[in-house]
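Everything below concerns the one structure shown next.
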Number of protein chains: 2
Amino acid sequence: MDLPDDGDPLDLDRQVCFPLYAASNLLNRLYRPILAELGLTYPQYLVMLVLWKKAPRSVGSLGDVLYLDSGTLTPLLKRMETAGLISRTRDAEDERRVLVDLTDKGRDLRSEAEKVPGALADGLGIDEASVTRLRDQVRGLVEALNGSTVKKP
Amino acid sequence: MDLPDDGDPLDLDRQVCFPLYAASNLLNRLYRPILAELGLTYPQYLVMLVLWKKAPRSVGSLGDVLYLDSGTLTPLLKRMETAGLISRTRDAEDERRVLVDLTDKGRDLRSEAEKVPGALADGLGIDEASVTRLRDQVRGLVEALNGSTVKKP
DNA sequence: AAATATTATATTGTGCGCAATATGATTGTA
DNA sequence: TACAATCATATTGCGCACAATATAATATTT
C-alpha cells in the first residue's frame with residue numbers, strides 16, 4: 001500500500017512529526033467527550049493524574065512531569081481552582097513557589113476517573129501489546145526531544 | 001529502569017496518550033524557531049507541504065489529509081493569504097467550495113523549506129531506522145483513531 | 001418546480017501552548 | 001549590609017484546535 005518513495009524529504013508521508021501531531025489531535029478529540037463528563041479537559045486530566053499520585057506539588061514540579069511551563073499551567077490551574085478541584089497556596093518555606101493541592105472534591109473525582117481508560121480502550125480497539133510497544137517507542141522520542149529542547153548551551 | 005507496575009490504570013506512566021501528547025508539544029517547540037525563519041507555524045508548514053505536492057485544493061481536501069476542520073483551517077488560511085503565500089477563491093464549478101492555491105511567493109518558499117528536515121534531524125540525533133519504525137507505528141494508531149472518531153453510527 | 005436534506009465553508013467562544021516579558025522572593029557576593 | 005544574579009510564578013499576546021452553530025449552495029425528494 002506504500003507509494004513509491006520518490007526521495008522527497010518534504011513529502012508528508014515521510015514525516016515522523018505529522019503522524020504524531022495528528023495522533024495527538026485525534027486522541028484529544030476522542031478524550032474530550034469522555035472527560036467532559038468529569039468537567040475536565042485533557043491537560044487538566046493529566047494534572048489530576050499527577051496529583052492523585054502525590055500532592056501537594058509546586059507548579060514547577062507539575063511542569064517538569066508534564067513538559068509544560070507556567071505560561072500554560074498558571075491559567076489552567078486557576079480554572080481548576082475555580083472549579084473547586086484544587087487549591088493554590090504560596091509555599092511558606094519559599095514564597096516564590098505555589099503549592100497545588102487536591103480538595104476533597106478533587107480527591108473524590110478519582111473514582112469517576114477510573115472509568116476513563118476503559119471507555120477509551122473501547123473506542124480504540126487495538127490490542128494491548130502493540131499499544132505498549134508504541135508507548136515505549138514514543139517515550140524514547142520524548143526523552144530525545146527533551147534532551148534537545150531543554151538543553152542550554 | 002521501570003518502576004514496579006502497581007496495576008493502577010490511572011498511572012501517568014501507563015498511558016499511551018501522554019507520551020504522544022508530550023512528543024507533539026516538544027516537536028512543535030523544536031520546529032517553531034526553525035519555521036519562524038520561513039514565517040510559518042507548524043500547521044501552516046503542513047499546509048504548504050500538501051500544496052507543494054498538488055494545488056489547487058479545496059479547504060475540505062486539505063482537512064481530510066491533515067485531519068483538521070474548517071474551524072481550524074479557515075482562519076489559518078486567511079493568515080497565510082495575508083502573508084501572500086496562498087490565494088483563496090470560490091470554486092466556479094461549486095460555489096460552496098473554496099480553492100486554495102499557491103502564489104509565486106508560496107512556490108518560491110519551497111527551496112528554503114528544503115533545509116527544514118535537515119535542521120530538525122540535527123536537533124534530534126536519533127537513528128533513521130528507529131524513526132521510521134516509530135513513524136509507521138504511530139501511523140497505525142492514527143488510522144485506528146480516525147476510524148473511531150470519524151465513524152458515524 | 002417547490003420543499004427538504006445535505007454539503008462546504010465560515011463564525012463564535014473556550015481552552016490550551018508557547019515565547020517574551022514582568023514581578024517578587026531567595027541566593028550569592030562584594 | 002547592599003546589591004547583583006538567579007529562581008518561581010504570573011502576565012501578555014498570538015495562533016491553533018475544537019464543538020456548536022450559522023450561512024449559503026447544491027442535491028434529493030415530493
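All figures in this text were calculated on a predicted structure; none of them were measured in a lab.
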Next item on the list: Nearest 0.5 Å please: distance from the CG atom of A/L51 over to the CG atom of A/L85.
Entry: 10.0 Å
Item checked: Of the listed nucleotides D/dC16, D/dT26, D/dT9, the one nearest the side chain of B/E95 -> D/dT26
Item checked: Side-chain N or O of B/T72 closer than 4.0 Å to phosphate OP1/OP2 of D/dA17 -> no
Check: Roughly how far, to the nearest 0.5 Å, is CZ of A/R88 from NZ of A/K78?
Finding: 5.5 Å
Checklist line | Spacing between B/L68 atom CG and C/dA10 atom P, to the nearest angstrom | finding: 14 Å
Next item on the list: Tell me whether the OP1 or OP2 atom of C/dA8 has a side-chain N or O from B/R90 closer than 4.0 Å.
Entry: no
Check: Within the pair A/Y21 and D/dA17, is there a side-chain N or O less than 4.0 Å away from OP1 or OP2?
Finding: yes
Check: Among D/dA25, C/dG17, D/dA10, which is the nearest nucleotide to the side chain of B/R96?
Finding: D/dA25
Notebook entry, point to check: What is the distance from CG of B/N25 to C1' of C/dC18, rounded to the nearest Å?
Noted result: 9 Å
Next item on the list: Give B/G71 one of three labels, base, sugar-phosphate or nothing, depending on what nucleic acid heavy atoms sit under 4.0 Å from its own.
Entry: base
Check: To the nearest angstrom, how far is A/I86 atom CD1 from D/dT9 atom C1'?
Finding: 14 Å
Notebook entry, point to check: The side chain of A/P43 lies closest to which of these nucleotides: C/dG17, D/dC16, D/dA19?
Noted result: C/dG17
Next item on the list: Take B/P75 and A/T74, find for each the nucleotide of DNA chain D with the closest heavy atom, and name the residue whose nucleotide sits nearer the 5' end.
Entry: A/T74
Next item on the list: Would you please confirm or rule out a distance under 4.0 Å between OP1 or OP2 of C/dC18 and any side-chain N or O of B/R32?
Entry: no
Item checked: No-H, no-angle donor-acceptor pair, B/S70 side chain to C/dA8 base, under 3.5 Å -> no
Next item on the list: Between A/P33 and A/G60, name the one whose nearest nucleotide on DNA chain D is closer to the 5' end.
Entry: A/G60
Check: Taking the side chain of A/T41 as heavy atoms from C-beta outward, which of D/dT11, D/dA19, C/dG15 is closest to it?
Finding: C/dG15
Next item on the list: Rounded off to whole Å, could you give me the CG-to-C1' distance for the B/D94 and C/dT9 pair?
Entry: 11 Å
Next item on the list: Might you point out which heavy atoms bring A/P43 and A/L76 nearest each other, and give the distance in Å?
Entry: CB-CD1, 3.7 Å
Next item on the list: Find the distance B/R79:CZ to D/dC14:C1' and express it as a whole number of Å.
Entry: 8 Å
Notebook entry, point to check: What is the distance from CG of A/L76 to P of D/dT9, rounded to the nearest Å?
Noted result: 15 Å
Next item on the list: Locate the shortest heavy-atom distance separating B/Y31 from A/C17; write the atom from each residue and the value.
Entry: OH-SG, 3.1 Å
Note to self: In this structure, how many angstroms lie between the P atom of D/dA17 and the CG atom of A/L26, rounded?
What the structure shows: 12 Å
Margin query: By the 4.0 Å heavy-atom rule, please label A/Y31 as base, sugar-phosphate, or nothing.
Written below: nothing
Check: Between B/K78 and B/R97, which has a closest nucleotide on DNA chain C that is more 5'?
Finding: B/R97
Next item on the list: Using the closest heavy atom to pick a nucleotide of DNA chain C for each, name whichever of A/Q44 or B/S58 lands nearer the 5' end.
Entry: B/S58
Checklist line | N/O (side chain, A/Y67) to phosphate O (OP1/OP2, C/dC18) under 4.0 Å | finding: no
Notebook entry, point to check: Could you give the CG-to-P distance, from B/D91 to C/dA10, as a whole number of Å?
Noted result: 13 Å
Margin query: Looking at every heavy atom in both B/G39 and B/Q44, which two are closest together, and how far apart are they?
Written below: O-OE1, 3.9 Å
Notebook entry, point to check: Which atom pair, heavy atoms only, marks the closest approach of B/M48 to B/M80?
Noted result: SD-CE, 3.4 Å
